[in-house]
Amino acid sequence: MNAVSEDLRSLLVRDIMSTDVVKTVTRQRMSEVARLLARHELSTLPVVDEHGVCVGMLSAVDFLKRDAVSGNGGAAPHHSPPEWKPDDIAATFMTRAVQAIDEQATVAEAARIMAAQHVHHLPVIDRLGRPRGIVSTMDILKALGRLAATAP
C-alpha cells in the first residue's frame, strides 16, 4: 500500500479530470439547467458569467432543496432557499462560494478540499478563472482503484 500512497501523492488533477465540461450561464433558466443535467446525466454544472469565468456551481441538490421547500420532498431546512420556478435563472440558485482547483494540484489535495468542503465536484480552472475540467470523487476513486490494481 506504500507504493499506492506514493503514486497518489504524485498524481495530478490534470491526470484524472474530465475535460468535456458541460456548463451553464448565470442567465440560464432553471428549466433549461434541469434539462442539461438530465441530458448529460450529470449532478453538477459550473455556472459561468459572460466572460466564461466560473462564478458558481449548480447541482441536483439545489433542485432537491426546492422540492423540500415546496413540500414535495419532506421538511424544509431551517434556512431554506426560496422556491424556484422554471423561468428563474441559475444565478439566483447557484452556490456562489465556489471551491475550485488548478490542474497542477495533486489528487490528494483535491481529495482534502472535497472532504473539508463536503463537495463531490471541483471545477478545474485556468488562471483567468475559466473552467477547463471537473474532478469528482468518482474520478479520485477510479484513480485509486487503478493504482491499487497495479501495485506490487
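Under the 4.5 Å side-chain contact rule for hydrophobic residues, F93 and L42 share a cluster. When hydrophobic clusters are built by joining Ile, Leu, Val, Met, Phe, Trp and Tyr residues whose side-chain heavy atoms come closer than 4.5 Å, directly or via intermediates, L36 is grouped together with M94. Under a hydrophobic-cluster definition in which Ile, Leu, Val, Met, Phe, Trp and Tyr are linked whenever side-chain heavy atoms come within less than 4.5 Å, directly or via other members, L45 and I89 are assigned to different clusters. Placement of L147 and I140 within a single hydrophobic cluster is found when ILVMFWY residues are connected by side-chain heavy-atom separations under 4.5 Å, directly or transitively. L37 and M30 fall within a single hydrophobic cluster, where Ile, Leu, Val, Met, Phe, Trp and Tyr side chains are chained together by heavy-atom contacts under 4.5 Å.
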Please tabulate, for the side chains in residues 47-59, all donor-acceptor contacts under 3.5 angstrom to protein atoms that are two or more places apart in sequence or on a different chain.
| unit_1 | atom_1 | unit_2 | atom_2 | d |
| --- | --- | --- | --- | --- |
| D49 | OD1 | H51 | N | 2.8 |
| D49 | OD1 | G52 | N | 3.1 |
| D49 | OD1 | V53 | N | 3.0 |
| S59 | OG | V61 | N | 3.2 |

What side-chain donor-acceptor pairs closer than 3.5 Å can you find for residues 113-124, not counting sequence neighbours?
| unit_1 | atom_1 | unit_2 | atom_2 | d |
| --- | --- | --- | --- | --- |
| H120 | ND1 | T137 | OG1 | 3.4 |
| H121 | ND1 | T44 | OG1 | 3.2 |

Can you give the donor-acceptor pairs under 3.5 Å from side chains of residues 12-19 to other protein atoms, not counting sequence neighbours?
| unit_1 | atom_1 | unit_2 | atom_2 | d |
| --- | --- | --- | --- | --- |
| R14 | NH1 | Q104 | OE1 | 3.0 |
| D15 | OD2 | L12 | N | 3.0 |

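Among residues two or more places apart in sequence or in another chain, the side chain to side chain contact (heavy atoms under 4.5 Å, CB included) test is passed with R127 by none. With sequence neighbours excluded, no residue forms a side chain to side chain donor-acceptor pair (under 3.5 Å) with R146. For E32, the side chain to side chain donor-acceptor pair (under 3.5 Å) partners are Q28, not counting sequence neighbours.
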*Passes side-chain contact (heavy atoms from CB on, under 4.5 Å), K23 versus R130? Steps please.*
CA-CA 11 Å; K23 49 193 174 264; R130 297 176 303 211; over 6 Å; no
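Closest of all the heavy-atom pairs between A90 and V33 is CB-CG2, 4.2 Å.
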